[in-house]
Amino acid sequence: MINKEYFVNRENSREVNKLNRPNLFNYATSELSQDAFLCWLLEWANPQYKAMDENLHLTALQFITEIFTKHGMQMVEIGRIEIIRQQSKIDVLAVINHEIYILIEDKTYTKEHSDQLNRYRKTLYDEGKDKQLPIYYKIGNQGNYEMVKKAGFELFGRKEMLTILETGIQGGTSNPILVDYYEHLKNIDAQHESYQKQPLATWGFLSWHGFYSKLQEEGIHGHWDYVANPRGGFNGFWWHWKNADSCRVYLQLENEKLCCKIQVKDKSKRSELRSFWSKIILEHCNKLVLSFIKPERFGNGEFMTVAILDEYRTTDKNGMIDLQQTLATLKKAETMLDDIVSHSSMLVVNK
């Protein structure tokens with residue numbers, strides 16, 4: 001789900017691009033438009049088009065070669081490639097030499113749902129089409145790819161496509177459709193990477209996606225996603241789940257806030273455990289110089305916040321994110337939770 005802040009960012013990016021020249025993909029923003037680009041690029045891999053634009057032909061071949069490589073296969077010589085759209089609801093299906101099937105699930109800012117990836121593969125298997133190279137093409141960032149990988153799809157991301165397109169442009173490709181798409185992806189990439197270069201208060205929707213993805217790269221092993229609520233929603237990142245007496249304890253980022261939370265399934269124990277965990281976390285955080293506070297009000301659901309650090313991010317001398325110091329704060333919170341949970345049984349007995 002995407003909130004309205006994303007669409008504001010998109011409109012801002014359009015205004016910036018208008019200062020240079022109109023870009024087709026500022027207007028062709030749907031996944032269907034992106035499907036069309038992928039089909040168009042794949043079509044250029046057909047041998048008969050080499051004489052028309054050799055550099056564009058080679059760029060298309062490089063795209064397909066990377067797909068083969070992701071599946072641990074050697075690239076084949078292409079005699080014919082047939083492009084099919086929306087067959088059995090598969091976004092893009094490319095049939096190479098009548099026997100190899102590249103199926104592409106194309107996502108911009110949405111993600112897989114309803115077991116669709118397994119269904120697409122089964123449809124082809126049922127038709128005797130066994131040589132499959134499934135690709136999950138994603139130009140945004142996503143907090144969790146477990147179901148994608150479980151379905152046998154390989155991720156093909158924005159940065160990988162940028163590398164291929166840039167190589168093609170440097171090699172001499174000047175086709176305006178390809179150049180427009182390249183600039184379109186560069187703009188999206190810049191928005192995801194903006195957390196590195198913008199003051200904290202000016203981070204946009206995609207800045208948080210880039211930041212959370214970086215946390216994963218740096219060893220904060222969690223998942224993230226947009227969380228809708230009546231107050232407007234937030235980008236959430238949850239990790240470090242620990243089993244404790246009658247509940248689970250974990251950490252969650254809610255944009256700039258770091259929350260200690262508990263999951264309690266037994267309704268009769270929620271009030272008692274909520275108060276208990278809030279008390280011991282606030283006592284323990286003082287020892288580690290972590291300025292957690294008690295929430296303004298407690299919830300009473302299965303998942304409850306028991307302590308909040310209003311701002312966990314650290315800035316450098318220029319007011320930008322200091323990633324290493326910010327990571328140190330998050331690691332310190334993990335250590336605090338580990339220590340509390342390891343002694344929680346004794347604390348429960350003696351409270």
Side-chain angles (χ1 to χ4, degrees), residues 10-70 75-87 90-97 100-109 133 135-140 154-193 206:
R10 190 175 71 180
E11 290 303 316
N12 289 341
S13 72
R14 286 179 178 176
E15 292 303 315
V16 170
N17 282 337
K18 284 178 183 177
L19 297 177
N20 300 315
R21 64 175 179 79
N23 186 311
L24 170 67
F25 294 98
N26 288 338
Y27 305 96
T29 56
S30 72
E31 287 176 354
L32 286 175
S33 299
Q34 187 160 264
D35 290 353
F37 173 81
L38 294 173
C39 291
W40 174 84
L41 181 60
L42 289 164
E43 182 76 29
W44 273 98
N46 268 303
Q48 66 265 34
Y49 300 126
K50 181 178 179 179
M52 293 183 184
D53 188 330
E54 183 174 4
N55 289 317
L56 184 52
H57 172 72
L58 291 175
T59 302
L61 288 177
Q62 184 56 44
F63 177 39
I64 296 173
T65 298
E66 185 62 26
I67 291 173
F68 272 77
T69 300
K70 282 180 173 293
M75 177 64 169
V76 300
E77 182 177 350
I78 296 178
R80 170 177 166 75
I81 180 168
E82 180 186 5
I83 312 301
I84 305 169
R85 284 188 63 197
Q86 296 296 327
Q87 177 174 301
I90 298 170
D91 289 335
V92 177
L93 184 63
V95 187
I96 296 176
N97 301 338
I100 300 172
Y101 297 83
I102 296 175
L103 54 155
I104 300 178
E105 178 60 20
D106 173 23
K107 299 294 185 186
T108 51
Y109 298 98
L133 301 180
I135 289 295
Y136 189 80
Y137 184 75
K138 180 77 175 180
I139 65 165
E154 293 294 331
L155 174 64
F156 203 112
R158 175 184 70 252
K159 290 184 182 295
E160 293 165 295
M161 181 59 90
L162 275 170
T163 298
I164 288 171
L165 299 181
E166 185 170 342
T167 300
I169 291 169
Q170 290 175 348
T173 299
S174 59
N175 184 284
I177 297 175
L178 185 139
V179 172
D180 269 10
Y181 188 70
Y182 171 70
E183 294 295 339
H184 171 64
L185 289 192
K186 273 182 62 179
N187 180 62
I188 293 171
D189 195 61
Q191 290 184 62
H192 280 87
E193 299 299 320
L206 297 183

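Just so you know, these numbers come straight off a predicted model, no measurement behind them.
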For Gln34, check side chain to side chain donor-acceptor pair (under 3.5 Å) against everything at least two apart and list the hits.
Asp106, Tyr181

Point-to-point distance, once rounded to the nearest 0.5 Å, from CD1 of Ile84 to CD1 of Ile102:
12.0 Å

From Gln191 CD over to Ile188 CD1, what is the distance, rounded to the nearest 0.5 angstrom?
7.5 Å

Going by side-chain contact (heavy atoms from CB on, under 4.5 Å), name the residues that satisfy it together with Ser33, two or more places apart in sequence or in a different chain.
Ala28, Ser30

Has Asn97 got a side-chain atom pairing as donor or acceptor with Ile78's backbone, closer than 3.5 angstrom?
no

I need the minimum non-hydrogen distance between Ile83 and Ile81, along with the two atoms involved.
CD1-CG1, 3.7 Å

With Glu160 via side chain to side chain donor-acceptor pair (under 3.5 Å) - residues at least two apart
Lys70

Say you draw a straight line from CD1 of Ile100 to CD1 of Ile67; how long is it, rounded to the nearest 0.5 Å?
11.5 Å

Arg85 and Cys39 have their tightest heavy-atom pair at CG-SG, 3.2 Å

Sequence neighbours excluded, the answer for salt bridge (Lys or Arg N to Asp or Glu O under 4.0 Å) partners of Asp180 is Arg21

Does Tyr101 have any side chain to side chain donor-acceptor pair (under 3.5 Å) partners at least two apart in sequence or in another chain, and if so, which?
none

Would you mind reporting whether Phe68 and Ile96 have side-chain heavy atoms less than 4.5 Å apart?
yes

Distance, nearest 0.5 Å, that separates CG of Leu56 from OH of Tyr49:
11.5 Å

Side-chain contact, heavy-atom cut-off 4.5 Å: Leu178 with Trp40?
yes

Less than 4.5 Å apart, any side-chain heavy atom of Leu165 and any of Leu162?
no

How far does OG of Ser174 sit from CG of Asp53, to the nearest 0.5 angstrom?
6.5 Å

Identify the two heavy atoms, one from His192 and one from Ile139, that lie closest to each other, and give their separation to 0.1 Å.
CE1-O, 4.4 Å

If you measure from CG on Leu103 to CD1 on Ile90, what distance do you get to the nearest 0.5 Å?
5.5 Å

Evaluate the side-chain proximity of Asn187 to Asn23: yes if any heavy-atom separation is below 4.5 Å, no if none is.
no

Quick check: do Thr59 and Ile164 have side-chain heavy atoms less than 4.5 Å from each other?
yes

For Glu193, enumerate each residue passing the salt bridge (Lys or Arg N to Asp or Glu O under 4.0 Å) test, keeping only those at least two apart in sequence or located in another chain.
Lys159

Kindly indicate whether the side chain of Met161, heavy atoms from C-beta on, has any atom under 4.5 Å from the side chain of Phe63.
yes

Nearest heavy-atom contact between Ile64 and Ala45 is CD1-CB, 3.5 Å

Is it the case that more than 12 heavy atoms not belonging to Gln48 sit under 6.0 Å from its CD atom?
yes

